Amino acid sequence: MPGFTWDTAAEQRFNVNLSILFTELPLLERPAAAAAAGFTAVELWWPWIDSPTPEQSELDALKRAIEDADVQLTGLNFYAGRLPGPDRGALSVPGEESERFRANIDVAADFAASLGCKALNALYGNRVEGVDPAEQDALALENLALAARAADRIGAILLIEALNKPESPLYPLVSAPAAVGVVDQVNKATGLDNARFLMDLYHLSMNGEDLPAVIEQYASKTGHVQIADNPGRGAPGTGALPLEELLDQLTKAGYEGWVGLEYKPGDRPSAEAFGWLPPEQRAAR
């Protein structure tokens with residue numbers, strides 16, 4: 001598996017997504033496993049898929065695990081329904097799911113604040129049969145404004161992500177322009193200017209988008225980047241995406257944020273899925 005050159009990797013700050021890597025381990029063991037692999041920063045989807053408001057003891061246990069591993073939590077998703085699973089967020093889904101998202105907003109923000117996490121990702125949610133899309137979009141804007149205000153309260157940014165249509169056919173934000181359009185709407189609605197685009201290069205490539213053009217146009221509105229190779233959503237070097245060139249372009253375009261490793265380890269332990277990145281380049285600098 002090819003490695004990144006020092007020039008490219010030295011200018012990146014990588015973090016490991018513990019909701020797709022190290023999932024062979026219990027949640028509370030994953031931060032230490034990431035640290036043992038040489039990483040100093042991690043991110044998470046909302047870990048309690050059945051509960052937007054888990055017991056404080058569960059939150060405290062995860063906080064301790066992250067602190068004990070001496071890793072920085074750099075990103076956290078708000079409650080997003082069953083993920084992994086059929087759901088792609090809750091905030092645009094009328095009824096109970098929207099209420100669960102709202103109940104989660106301050107819980108997620110407070111947990112993020114307790115660990116110095118400065119980025120909260122709000123997945124939009126699938127289209128619902130029989131519901132006017134305009135009704136869902138209005139609800140989404142209302143909920144995203146609430147989330148943006150909670151993020152602002154803790155000095156964080158709100159991330160809005162484009163997914164890919166083949167794997168998420170009911171998700172409406174399946175292009176960079178669609179997601180950035182929502183970012184702009186949220187910033188206009190709140191006046192806070194803390195909503196940002198989450199640029200996941202795997203999802204955008206699955207949509208057939210021109211990735212260099214996306215970077216050129218939207219790097220300035222990007223608050224976080226995630227990578228996986230395509231096809232397969234595996235580690236860099238397992239597919240055909242020129243990830244090194246794309247990350248280099250992002251750096252030259254002025255992006256200084258985190259690059260989240262959100263890929264599948266394949267048929268091996270997660271600890272063996274980082275051969276493309278030399279150990280001395282894994283710790284955030």
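By convention here, the first residue in the shown sequence is residue 1. For clarity, every value in this text was computed on a predicted model and none was experimentally measured.
Going from atom NZ of Lys118 over to atom CG of Asn194 covers 12.0 Å, rounded to the nearest 0.5 Å. Taken from CG in Asn77 to CG in Leu44, the straight-line distance is 8.5 Å, to the nearest 0.5 Å. For the atom pair CG of Leu211 and CG of Leu246, the computed distance is 5.5 Å after rounding to the nearest 0.5 Å. Between the CG atom of Asn126 and the CD atom of Gln136 there is a distance of 8.5 Å, given to the nearest 0.5 Å. Summarising the geometry, atom CD1 belonging to Ile160 is positioned 7.5 Å from atom CG belonging to Asn187; distances are rounded to the nearest 0.5 Å. Going from atom OG of Ser114 over to atom CD of Glu67 covers 7.0 Å, rounded to the nearest 0.5 Å.
At least one donor-acceptor pair under 3.5 Å links the side chain of Thr74 to the backbone N or O of Val42. Side-chain atoms of Arg282 come within 3.5 Å of backbone atoms of Phe274 as a donor-acceptor pair (strictly under, hydrogens ignored). Side chain of Arg82 to main chain of Pro86: no donor-acceptor pair is present (N/O by atom type, distance under 3.5 Å, no hydrogens or angles). In this structure a side-chain-to-backbone donor-acceptor pair under 3.5 Å is missing from Arg13 to Ala284. In terms of modelled atom types and a separation under 3.5 Å, the side chain of Tyr255 and the main chain of Trp258 share a donor-acceptor contact.
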- Trace of the side chain to side chain contact (heavy atoms under 4.5 Å, CB included) decision for Tyr202 with Glu167: CA-CA 11 Å; Tyr202 167 75; Glu167 294 174 327; 2.8 Å; yes
- Task: For Arg64 and Asp60, run salt bridge (charged side-chain N to carboxylate O under 4.0 Å, His left out): C-alpha distance rounded to whole Å, both residues' side-chain angles, the deciding distance at 0.1 Å, then the answer.
- Result: CA-CA 6 Å; Arg64 280 195 305 272; Asp60 290 343; 5.2 Å; no
- Val180/Gln217 under side chain to side chain contact (heavy atoms under 4.5 Å, CB included): CA gap, chis, key distance, verdict: CA-CA 10 Å; Val180 171; Gln217 190 166 0; over 6 Å; no
- Which is it for Val174 and Asn164 under the side chain to side chain contact (heavy atoms under 4.5 Å, CB included) test, yes or no, and what are the steps along the way? CA-CA 5 Å; Val174 287; Asn164 75 78; 5.8 Å; no
- Message: One pair to check against side chain to side chain contact (heavy atoms under 4.5 Å, CB included): Met199 and Ile215. What are the steps and the verdict?
- Response: CA-CA 9 Å; Met199 184 187 292; Ile215 291 169; 3.8 Å; yes
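Heavy-atom minimum distance, Tyr218 versus Thr222: O-OG1, 2.8 Å. Smallest separation of non-hydrogen atoms from Leu192 and Ala148: CD1-O, 3.8 Å. When all heavy atoms of Leu25 and Ala33 are compared, the closest pair comes out as CD1-CB, 3.5 Å. What you find for Ala273 and Ala235 is that their closest heavy atoms are O-CB, 3.7 Å. Heavy atoms only, all atoms of each residue included: Ala162 and Ala176 are closest at CB-N, 4.4 Å. In plain terms, the two heavy atoms of Pro47 and Leu62 that are nearest each other are CG-CD2, 3.9 Å.
When hydrophobic clusters are built by joining Ile, Leu, Val, Met, Phe, Trp and Tyr residues whose side-chain heavy atoms come closer than 4.5 Å, directly or via intermediates, Leu261 is grouped together with Leu27. Follow the hydrophobic side-chain contacts under 4.5 Å out from Leu198 and you never reach Leu204; the two are in separate clusters. The hydrophobic clustering, which links ILVMFWY residues whose side-chain heavy atoms are closer than 4.5 Å, places Ile105 and Leu139 apart. Under the 4.5 Å side-chain heavy-atom criterion for ILVMFWY residues, no single connected hydrophobic cluster contains both Phe197 and Met206. The same ILVMFWY cluster, assembled from side-chain heavy atoms under 4.5 Å apart, contains both Trp45 and Phe14.
By the 4.0 Å N-to-carboxylate-O rule, Arg196 lies close enough to Asp193 to be salt-bridged with it. Salt bridge Arg233/Glu262: present, at least one basic N to carboxylate O contact under 4.0 Å.
Tested against Phe101, the residues Tyr124, Tyr79, Phe78 include a single ring-ring contact (aromatic ring centres under 6.0 Å, His included) partner, Phe78. The one candidate from Leu83, Leu159, Asp87 that meets the side-chain contact (heavy atoms from CB on, under 4.5 Å) condition with Leu123 is Leu83.
Within a 6.0 Å sphere centred on CG of Asp70, other residues, nucleotides and ligands contribute 12 heavy atoms or fewer. Counting heavy-atom neighbours within 6.0 Å of Glu216 CD, excluding the residue itself, gives a total of 12 or less.
With sequence neighbours excluded, the residues forming a side chain to side chain donor-acceptor pair (under 3.5 Å) with Arg153 are Asp106, Asp110, listed by chain and number. Partners of Glu135 under the salt bridge (charged side-chain N to carboxylate O under 4.0 Å, His left out) rule, at least two apart in sequence or in another chain, do not exist in this structure.
With contacts defined as side-chain heavy-atom distances shorter than 4.5 Å, the pair Leu144/Leu158 qualifies. Counting heavy atoms from C-beta on, the side chains of Glu142 and Arg102 come closer than 4.5 Å.
Side-chain atoms of Asn143 and Ser98 include a donor-acceptor pair closer than 3.5 Å. Donor-acceptor pairing under 3.5 Å is recorded for the side chains of Gln12 and Thr251. Residues Ser205 and Asn230 have side chains that bring a donor and an acceptor to within less than 3.5 angstrom of each other.
Residue pairs that meet the side chain to side chain donor-acceptor pair (under 3.5 Å) test with at least one member in residues 32-44, sequence neighbours left out, are Asn15-Glu43, Asn17-Glu43, Glu43-His224, Glu43-Gln226.
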